[in-house]
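Shown next, in structure tokens, is the structure this report addresses.
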Amino acid sequence: MSSLYVVPSLQIEGRHNLQSSSKPISTLRTEFNSPIELQQLHSLFVKTATPLSILPLSRVASVCALTPFFTYAQQIFQQLDRSEIFMWNCCLRDFAESDSPFDAILLFYQLRSHNICPDSFTCSFVLKACVQLLDLSHGRIIHGFIEKLGLQLNLVLQNVIVHLYASCGEISDAILLFDKMPQRDVVTWNTMITQLLKRGDTDSAYNFFVQMPERNVRSWTAMVSGFAQCGKPKEAIDLFTKMEEVGLKPNEVTVVAVLAACADLGALDLGSRIHEYSKKTGFYKNIQICNTLIDMYIKCGCLQAAHDVFESMKERTIVSWSTMIQGLAIYGKAEEALELFSKMIQTGMKPNGVTFISLLNACTHMGLVNEGHAFFTSMTKDYGVIPSIEHYGCMVDLLSRGGLLQEAHEFIKCMPIKPNAAIWGALLGGCKLHKNVEMAEIAMRQLQDLNILNDGYYVVLANIYSEAKQWENAAKLRKLMRNKGLKKTLGWSSVTVKGVVHEFVAGDDSHPQSEDIFKMWDKLLVHMKLRGYVPNTSVILLDMEEEEKEKFLFRHSEKLALVFGLMNTPPGETIRIFKNLRVCEDCHASLKVISEIVNREIIVRDRNRFHCFKDGSCSCRDYW
DNA sequence: ATAGGGTTAG
């Protein structure tokens with residue numbers, strides 16, 4: 001329940017001693033925070049013959065709603081000969097948009113109990129409150145009232161009702177209502193599309209999008225952002241391109257949505273073009289756009305460009321800072337991430353939970369165990385941020401990768417939240433790095449108890465067994481995987497050449513230039529070996545002859561993508577590679593050597609972080 | 001003087 005006498009979100013600081021006020025009427029203050037203060041003000045108005053009309057009436061409604069002074073407010077409205085329902089509607093709108101939208105529902109019932117007849121505006125605000133609360137049980141009651149009041153043909157109300165049912169999970173009801181509507185406008189269609197996309201149903205959403213009689217910028221934007229959020233950045237970008245082709249101008253929201261898709265896909269070309277467009281249109285002043293640009297550049301492997309955008313911003317939000325800190329973290333620039341955090345604190349910006357995840361990530365990626373511990377303590381003590389399961393996950397990751405597997409296990413046992421798969425997965429990952437079969441089995445048992453069907457965990461344990469030459473255990477595990485219907489996620493790597501993305505999978509010989517790629521690899525291999533490269537076949541899961549292992553090893557997708565990139569770009573140009581899984585140790589070692597041989601910078605984004613290979617070493621300093 | 005649809009960081 002809400003506060004009864006003080007209106008939230010509209011509070012005015014300080015109390016006014018109205019009794020001793022001797023100011024002239026024209027400067028009379030009309031602020032009040034409670035019905036009592038309103039009454040005092042009211043009597044002062046009567047004494048000084050001040051017209052009641054200068055009272056802020058929606059404030060009267062807010063202060064008196066949901067209190068025994070309801071009828072008192074009613075009397076004021078009636079004296080003023082204004083539409084009473086209008087005043088209550090303003091109040092309902094404020095309640096629906098406040099932190100406690102349920103107040104709007106309560107006020108609606110209060111209006112009913114005083115026999116005040118709601119109009120369509122009243123209903124729209126109460127429905128909005130229901131949408132905010134995802135409260136379909138009250139929503140159905142309001143829906144019933146709307147029919148009783150004869151307002152069911154109002155298109156705006158119909159649209160909100162469809163929105164309400166869909167957002168409360170009753171999508172089939174929403175579709176039924178949609179089908180029965182005698183008329184629909186673009187908002188109706190956009191609502192359906194957005195709600196379908198929220199549920200991840202891109203196919204149905206796209207069907208609606210294609211069928212709708214006319215599409216505006218918001219229709220296109222909804223579809224672009226929906227594709228991006230459903231993990232279909234390619235589709236998002238294709239649609240964005242089509243939108244431009246039909247001559248519609250992307251607005252700020254479209255730009256944010258498509259930049260998110262560029263970030264996901266690593267589409268640097270389009271991302272930079274949008275950057276230029278944002279400068280031209282003045283969108284560049286928009287903080288959210290800059291925040292998304294920073295994220296896009298980071299995820300496309302352009303830390304410097306991200307930093308330039310960050311520096312150019314006149315105003316920043318916590319998102320700007322956290323994004324930049326996270327960016328430095330995944331590039332392995334822990335010191336700079338920590339420095340940026342100090343700078344942020346100096347400007348008076350308050351860190352939130354995400355900021356600390358970024359900081360803990362920074363520590364993890366560089367093995368700063370003590371610093372990470374200190375931040376974990378400080379976040380609650382100094383900044384009042386309560387750790388969530390993600391923060392515990394970061395800590396387990398930090399300790400495990402730091403080789404403190406026992407400590408990590410103790411930490412998990414002591415944490416006040418039930419550990420989830422990410423927590424045990426982090427421990428398992430540490431066991432792989434530090435070759436600890438026993439602890440890995442402990443973690444795996446927990447993952448199995450949680451009934452997590454994720455092939456990644458099984459593959460990691462199988463790798464741990466293989467590296468320890470426990471071939472039988474590795475085989476058993478693969479059998480277990482098959483029984484559970486799990487398949488190893490196929491690894492792929494991509495590289496962009498002249499704006500075209502080329503994808504490779506391990507062992508790939510389907511590419512038209514395959515022959516040349518293999519030939520060039522063999523040539524490189526000679527130079528690599530001269531510089532001390534020794535193939536690390538321990539990363540091969542299966543037990544087979546060394547020579548055979550090497551064949552597999554040399555056809556890893558990141559190697560193919562790299563060689564293709566080297567063949568098709570001018571000397572000296574930076575190569576950017578994306579990989580859906582983590583880079584294997586042998587590829588990591590190879591890329592280091594190759595960066596020196598060909599004298600190029602090679603930037604690899606794997607599922608965890610960035611590796612920037614240059615002059616024979618990697619930015620991760622082999623800690624990952 | 002009051003209504004409905006699209007957006008960023010882990």
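Note that these values count all heavy atoms, side chains included, but never hydrogens, waters or copies made by symmetry. Proteins come first, then strands; the chains are lettered A, B, ... in the order of their sequence lines, and each starts at number 1.
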Go through B/dT7, B/dG5, B/dA9 for me and flag the one nearest to the A/H163 side chain.
B/dG5
Would you say B/dT8 has OP1 or OP2 under 4.0 Å from some side-chain N or O of A/Q229?
yes
Answer with yes or no whether A/N89 presents, from its side chain, a donor or acceptor under 3.5 Å of a partner atom in the base of B/dA3.
no
Neighbour count >12 (heavy atoms, 6.0 Å) for atom NZ, A/K579
yes
Taking ring pair (Phe, Tyr, Trp, His ring centres under 6.0 Å) as the test, write out the residues that go with A/F578, two or more places apart.
none
Given 3.5 Å as the limit, does a donor-acceptor pair link the side chain of A/Y165 with the main chain of A/L177, or not?
no
B/dG10, OP1 or OP2 - any side-chain N/O from A/K299 closer than 4.0 Å?
yes
Over 12 foreign heavy atoms within 6.0 Å of CD, A/Q78
yes
Using heavy atoms and a sub-4.0 Å distance, could you list which residues of residues 256-287 of chain A are near DNA chain B? By number, please.
A/V256
Looking only at B/dA3, B/dA9, B/dG6, the nucleotide nearest the A/N154 side chain is B/dA3
Check every strand shown and say whether A/V186 touches a base, only sugar-phosphate, or nothing at a heavy-atom separation below 4.0 Å.
base
Test for a donor-acceptor pair under 3.5 Å between the base of B/dT7 and the side chain of A/Q288, counting only N and O atoms.
yes
Between B/dG10, B/dA9, B/dG6, spot the one nearest the side chain of A/V253, thanks.
B/dG6
Pick base, sugar-phosphate or nothing for A/T191, based on heavy-atom distances below 4.0 Å to the nucleic acid.
sugar-phosphate
Across the strands shown, which category fits A/S120 at heavy-atom distances under 4.0 angstrom: base, sugar-phosphate, nothing?
base
A/F125 has a side chain; which of B/dG5, B/dA3, B/dA9 sits nearest to it?
B/dA3
Would a distance-only check, ignoring hydrogens and angles, find a side-chain to backbone donor-acceptor pair under 3.5 Å from A/N89 to A/L92?
no
Is a donor-acceptor contact shorter than 3.5 angstrom present between the side chain of A/N251 and the base of B/dG6?
yes
Side-chain donor/acceptor contact of A/N216 with base of B/dG5 under 3.5 Å:
yes
Looking at A/W88 versus A/F108, is the centre-to-centre ring distance below 6.0 Å?
no
Within the 4.0 Å heavy-atom criterion, would you say A/T323 contacts the bases, only the backbone, or no part of the nucleic acid?
sugar-phosphate
Would you find more than 12 non-hydrogen atoms of other residues, nucleotides or ligands less than 6.0 Å from A/R112 atom CZ?
yes
